[in-house]
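Start at 1 and go down the list; that is how both ligands and their atoms are numbered. Sequence positions, counted from 1, serve as the residue numbers for this chain. Excluded from the calculations below are hydrogen atoms, water molecules and symmetry mates; all remaining heavy atoms, backbone and side chain alike, are included. What you are looking at is a predicted structure, and each value in this text was computed from that prediction instead of being measured.
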Amino acid sequence: MNVLDSQRLAGVLEASGLRRANRPEEADITLLNTCSVREKAVQKVLTRLGELKQAKQSLGRPRVVGLCGCVAEQEGRGLLARSTVLDFVLGPGRVAQLGRALEAVAAGEKVSLTGFSPSQEYEAHLIARGGGARQFVTVIHGCNQHCTFCVVPYTRGHEASRPLAEVVREVEGLVAAGAKEITLLGQTINAYRCPATGAGFGDLLGTLGSVPGVWRIQFVTSHPKFFTDNMIQAIAATPNVGTYLHVPFQAGSDAVLKRMHRGYTRDSYLELVGKLRGAMPEATLSTDVMVGFPGETEEDFGATLDVVSRVRFGQLFGFIYSPRPRTPAAQYPGRLPRSVAGERLERLFALQATVQFELNQSLINCYVDVLVDGPAKRGAESWQGRGPDNRVVNFPAWNGVRAGDVARIVVTGATPHALLGVRTADWKGGSPIPTA
Ligand code: SAM
């Protein structure tokens, strides 16, 4: 979501005739795009603003500095008043007004554009996407869930689905421009409902799945409480939907889930997992987990570990709870010492690494169809791509390989965090097995 927001900001700049600088030090305008889900974000912004102030003093650049994204929405006004280097603040609901902010700065004003309007523009045609094979498409803005820990409803506004026909047009345009994999985005994506026709998320997937040229569709983030049996059937029935299902459970204890205001229990989550696996046996489940929520006991945390052991997620994103402004949980008693929460996070990650290693090892001798991303960080010889379940796959490059290619890779080895393999043409073993 943040990547797409940056592409939207870049698109508005390019549409007003500006060009991308080759290096940060050469930029006349610098925008900081920010996330405020956890508390370190504001600290990072202050550090970056300090660096930009120094650069401006010594190099005369950047001439204009703008703060965008969720920190802008949440803290922007205060930061604008305090910072001598910041020229404007632009919230996520105001991206289309970036040109207006720059005009105001040129006229010598400091501006803060935040808040959300029901008629807010979404200038999909202006997004500077860079032509890659993997592209993001927002289908639902904002969030109405008000989980007690979460700042998103305050920084991204109320939930609003985009019309299905508009999403289809955007996807058709991306495929025509060379996109192969489309990742649909929304904070609670399976709450999608077309404002024009009432079509739900299952209908949206079915329609997008039949857009010619869409090789694969992924989607994040699903909320456990919005899955219906019909939706699960629709996901299973759309052949080009990826096998990666990201379904955060956050905590395994019903008492904690209740205080988080998540709207499901441990048992109903496990029941949902059973239904998803029943309909899509090949699916890889991924999740978000929070440790150290106020009042979390060792027994509560044990229940979280128990869910991780039972479900055996293919991927897990774990976080230490961090109190956010305006959220109810920030006022809850029973805040845990950082050392206790940190130690729980380590135990969670250790368990998950064991599970992931076993799952990845079980794929040796199987093949995966990978969308090639490019050279892996470790060196130009080894390249990287992702399979249908979003797993990272590393393989030796071959003559003529290009980012955006689709390749069949046989898995020859595994680590907890990646698969290693070779393309089928270079495989010397017997017939590789499909992963499903
Ligand atoms: N909308 C999604 C949902 O409700 O499942 C999650 C969106 S949030 C951007 C991504 C993850 O960040 C959450 O699933 C949660 O695990 C974590 N998160 C959110 N607020 C947090 C907080 N205050 N402290 C720590 N982690 C947090």
Side-chain angles (χ1 to χ4, degrees), residues 1-5 33-44 69-71 73-75 92 136 138-161 183-192 201 219-227 244-253 256-257 259-264 268-269 272-273 276 285-296 300-301 304 307-308 313 315-332 334-336 338 340-342 344-345 348-349 352:
M1 200 166 276
N2 295 318
V3 169
L4 182 61
D5 282 347
N33 190 18
T34 57
C35 167
S36 66
V37 169
R38 282 163 291 276
E39 65 193 336
K40 282 211 182 105
V42 177
Q43 201 45 52
K44 275 194 210 163
C70 291
V71 174
E73 187 65 36
Q74 195 182 286
E75 320 262 351
F136 299 109
T138 292
V139 301
I140 176 166
H141 301 282
C143 186
N144 286 353
Q145 293 316 304
H146 290 277
C147 301
T148 57
F149 52 80
C150 189
V151 79
V152 169
Y154 311 103
T155 58
R156 289 193 176 267
H158 291 302
E159 210 167 88
S161 296
T183 300
L184 307 176
L185 299 178
Q187 291 293 335
T188 47
I189 196 156
N190 52 345
Y192 176 83
F201 185 60
F219 54 94
V220 280
T221 294
S222 298
H223 192 298
K225 82 177 176 192
F226 288 109
F227 279 107
Y244 174 74
L245 297 177
H246 184 63
V247 191
F249 80 92
Q250 311 296 1
S253 142
V256 173
L257 287 172
R259 290 204 300 281
M260 287 179 167
H261 198 225
R262 287 291 288 177
Y264 54 86
S268 64
Y269 183 85
L272 171 65
V273 168
L276 292 169
L285 286 168
S286 144
T287 202
D288 292 345
V289 176
M290 213 181 297
V291 300
F293 190 72
E296 182 189 69
D300 291 326
F301 176 62
T304 294
V307 172
V308 173
F313 296 97
Q315 214 172 347
L316 180 150
F317 301 90
F319 310 100
I320 293 179
Y321 165 75
S322 97
R324 306 310 296 126
R326 297 172 70 188
T327 59
Q331 309 303 323
Y332 285 1
R335 190 81 59 77
L336 268 73
R338 182 98 194 159
V340 173
R344 286 184 187 168
L345 191 67
L348 172 71
F349 284 155
Q352 178 60 19

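Each of V37, R38, F149, Q187, T221, P248, Q250, R262, D288, M290, F319, I320, Y321, S322, R324 has a non-hydrogen atom positioned under 4.0 Å from some atom of ligand 1.
Qualifying side-chain hydrogen bond (donor to acceptor under 3.5 Å, both in side chains) partners for Q74, counting only residues two or more places apart in sequence or in other chains: S36. Every ring pair (Phe, Tyr, Trp, His ring centres under 6.0 Å) that H246 has, sequence neighbours left out, goes to F317. For Q187, there are no side-chain hydrogen bond (donor to acceptor under 3.5 Å, both in side chains) partners at least two apart in sequence or on another chain.
Ring pair F249/F313 is parallel by interplanar angle, where below 30° counts as parallel and above 60° as perpendicular.
The CD atom of Q145 lies 6.0 Å from the CD atom of E159; values are rounded to the nearest 0.5 Å.
The six-membered or imidazole ring of Y321 lies away from that of Y332, with a centre-to-centre distance of 6.0 Å or more.
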